[in-house]
Amino acid sequence: MATETRQAAQETPPAHVSFRGVQKTYDGENLIVRNLDLDIRRGEFITLLGPSGSGKTTCLMMLAGFETPTAGEIRLGDCVINRLPPHKRNIGMVFQNYALFPNMTVRENLRFPLSVRKFSAAEIDAKVKRALEMVQLGGFENRRPAQLSGGQQQRVALARALVFEPQLVLMDEPLGALDKQLREHMQLEIKHIHQTLGITFVFVTHDQGEALTMSDRIAVFNHGVIQQIDVPEVLYEKPANAFVASFIGENNALSGRIDSRTGDIVSVLLPDGNRIAVSAGDAGGPGSDTLVSIRPERVRLARERAPRDNLLRATVLEHIYLGDHVRLRMQVAGCDNFTMKTPISRLDRCPAAGEHVDLALAPEHLLALAA
Amino acid sequence: MTALCETADAPIAPRALKRRLRHAERRRNLLFAALIGPLAFFVLASFIVPIASLLGKSIDNPEVHGNLPQTLALLEDWSGDALPDDATFASLAHELTQAAGTPAVANIAKRLNREQPGTRTLVMRTARGLPLPEGTPAREGLIQLDARWGETQTWHLLRNAGGAFTGFYLLSAVDRTVDADGNIVASPPEEAVYLDVLKRTFVMSIVVTAVCLLLGFPLAYLMATLPARHANLLMILVLLPFWTSVLVRVAAWIVLLQNEGLINQLLMWTGVTEAPVQMLFNRFGVYVAMVHILLPFMVLPLYSVMKGIPPAYLRAAVSLGCPPLRSFWRVYFPLTLPGIGAGALLVFILCMGYYITPALLGGPNDQMISYFIAFYTNQTVNWGMASALSVVLLAATLVLYGFYVRYLGTPNTDAR
């Protein structure tokens, strides 16, 4: 929420889509979306990320026109589209289970949006051909959806959403039904298509890896509120709050209390009596409870002659070998689920379970977030 | 890979493998047989055998064939140009004498009368006059009893009616008959009623099916889109008439539709009409009651098909720029075709065999083919005609079913 002002400060090309004070409730009691303000830039790939029930899909449906906002307004370009019926919005949409028409062939599916728009037969054929080539499905025109694999259906759905050349494409967890390998492949392919076409993509997912891979910007939703909206790197390295820190990527959280603050660095008192210097996140002033967050790959074993500040004593509980890297689960300052992740090449000697080690934690990688 | 397989499979000859498979599956097959055995027996004994024997009656022709075997054998060699020889006359006199006083005579008379009205008296009078007085030659004696024995036409009639099987009933059921020269010609107008009845049966079934579809489709759609709680309530309302006896429902319609009934009273009270509207004992009443009874058969298949169509299809069509009504027509409706086909077929076939509702609520011109089947079995005990009409009904139904499988059964399997 607070990040919105920071975004606006950078550069402000006219927003392609903007939500202003949008609220949505289904039962008149609980707000699924509370006071949403969101600007989507023209040509960007934005992902709405969040756990189920966080309001991200509702936002997408309001943008598509299948739900009407209870309050606030949604603009597409210069027009308020709150009351515009979905078929007049000219927005491409890829559905969760593709929603390819089973009684039509691939060609007929792709022709559908074009025939509605009264293109000439020659134009339709050319556009269908181009769209199918874009998703590498040339030659599949006469198949029915049931005769295609999940990945191929996904491509057809994408082609159908793009074939009428909309300026905005919405995707509602389109990769959820694919297996992992195919999903990763499709992520890159969709990203490349976005780069080629340069149109605006709004992507909804609950998979943070997917969001990080594909997006220009990610809006993290929880309880109907955007927790943070930023580029993937910032989202990962500088989460705005504890929810974002824990939802995106793996995260270690040590609870403690803020002792004092100097500039952007706070001193945190951990339950075991240790004090560490931590970058100030959204944590409050001295005396307030905090969660100190650090990514597992930022945890280092202290070298023999390292400076003795910001060291934490840890007991190795478990050692997990994963081929390219090793994970160590250990007990640190009362938390016995503290993980460290390190490439094998960086490890001189692998500590065994039960061994005591010192961890060197750099203040710039530690973040004090409000508990 | 292949080499490996060959060496591994080499000791087992294909035939031995098949035998082993059969052996291994025998237990399971026996179990299956035991599970469906009772039902198969029940269906065979209570359904297939009686129906087959009844259908057989439509070409069965025992009356003359069974009672005058010797005469018919002699008539086989008869040229047909002149009267038969004396031996044939004698044989007929003998066999009729033996049959006299038994129901056989009446059966022969009835059977011949169907071919040629008026022949009943010929047989009955002859039988009463038999045996011929001692010493009278059979030929003169018979002609004396009834002059018609002196006409070749009478003997042709006897020979034609004497086959073990006859197409007479089946032809009659489609308003056809065989003339004296053995050609199939249209029945005389006063007997040609069955094609009209068949046509009427078809028309009424089509109307009822169409009305059921028009009423059932929106209802099924509503049920498929409503939340489960409301849909279940609607479902109970749809099924309610199902749980009531047909007779009770028909009686209820009589109460509602009669001239002094609720509906007429309401119409007159609101001033829509001055005098009561005749709604009973005509086509209207039959349609109302039949649609009421058959509606669930349309709604249930439609509902089950619609329930399986994800709402995302309609949304997808709309998101692609197609207005909602057109989306419904172009995307949703084609997907409901299997349900429409199944429901329409079910209703139509049930309609074709409807008897009790038209019989109780309709006038004389609203009776369907089943009414005549019942008429022939219950009133005139003409099994041949009743069976022949049943055959026509069954054939029409099977042809229709064939069409369904051919033209509507395939898209469904295609989609899968």
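Just so we're on the same page: letters track the sequence lines, and every chain starts at 1. The figures that follow rest on heavy atoms only: side chains count, while hydrogens, waters and symmetry mates do not. Keep in mind the model is a prediction, meaning the values are calculated, not measured.
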- Item | Pick from A:P113, A:P166, A:A64 with the largest number of heavy-atom pairs that fall under 4.5 Å of chain B |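 Result: the option with the highest number of such pairs is A:P113.
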- Task: Locate the shortest heavy-atom distance separating B:R315 from A:E67; write the atom from each residue and the value.
- Result: NH2-OE2, 3.9 Å
- Message: Please classify the contact between B:P323 and chain A as side chain, backbone, both or neither, with a heavy-atom cut-off of under 4.5 Å.
- Response: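 Interface part for B:P323: both.
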- Item | Contacting moiety of B:R326, where chain A heavy atoms sit under 4.5 Å |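 When you check distances to chain A, only side chain atoms of B:R326 fall under 4.5 Å.
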Please classify the contact between [X] and chain B as side chain, backbone, both or neither, with a heavy-atom cut-off of under 4.5 Å.
{"X": "A:L100", "answer": "backbone"}
{"X": "A:R117", "answer": "side chain"}
{"X": "A:F66", "answer": "both"}

- Task: Give the C-alpha distance, both sets of side-chain angles, the deciding distance and a yes or no for side chain to side chain contact (heavy atoms under 4.5 Å, CB included) between A:M93 and B:L320.
- Result: CA-CA 8 Å; A:M93 182 146 182; B:L320 292 169; over 6 Å; no
[X] atom [atom1], neighbour heavy-atom count above 12 within 6.0 Å:
{"X": "B:K307", "atom1": "NZ", "result": "yes"}
{"X": "B:Y401", "atom1": "OH", "result": "no"}
{"X": "B:L31", "atom1": "CG", "result": "yes"}

- Hey, does B:L335 have a side-chain heavy atom less than 4.5 Å from the side chain of A:F101?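 They are not in side-chain contact.
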- Message: As an exercise, state the distance from CG of A:N103 to OH of B:Y313, rounded to the nearest 0.5 Å.
- Response: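 Separation between the atoms: 8.5 Å.
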- Message: To the closest 0.5 Å, what do you measure between CG (A:N90) and OG (B:S319)?
- Response: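 OG of B:S319 is found 10.5 Å from CG of A:N90.
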- Name the member of B:P310, B:P334, B:C322, B:S327 that forms the most heavy-atom pairs with chain A at distances under 4.5 Å. B:C322
- Output the option from B:P324, B:A316, B:A312 having the highest count of non-hydrogen pairs under 4.5 Å with chain A. B:A316
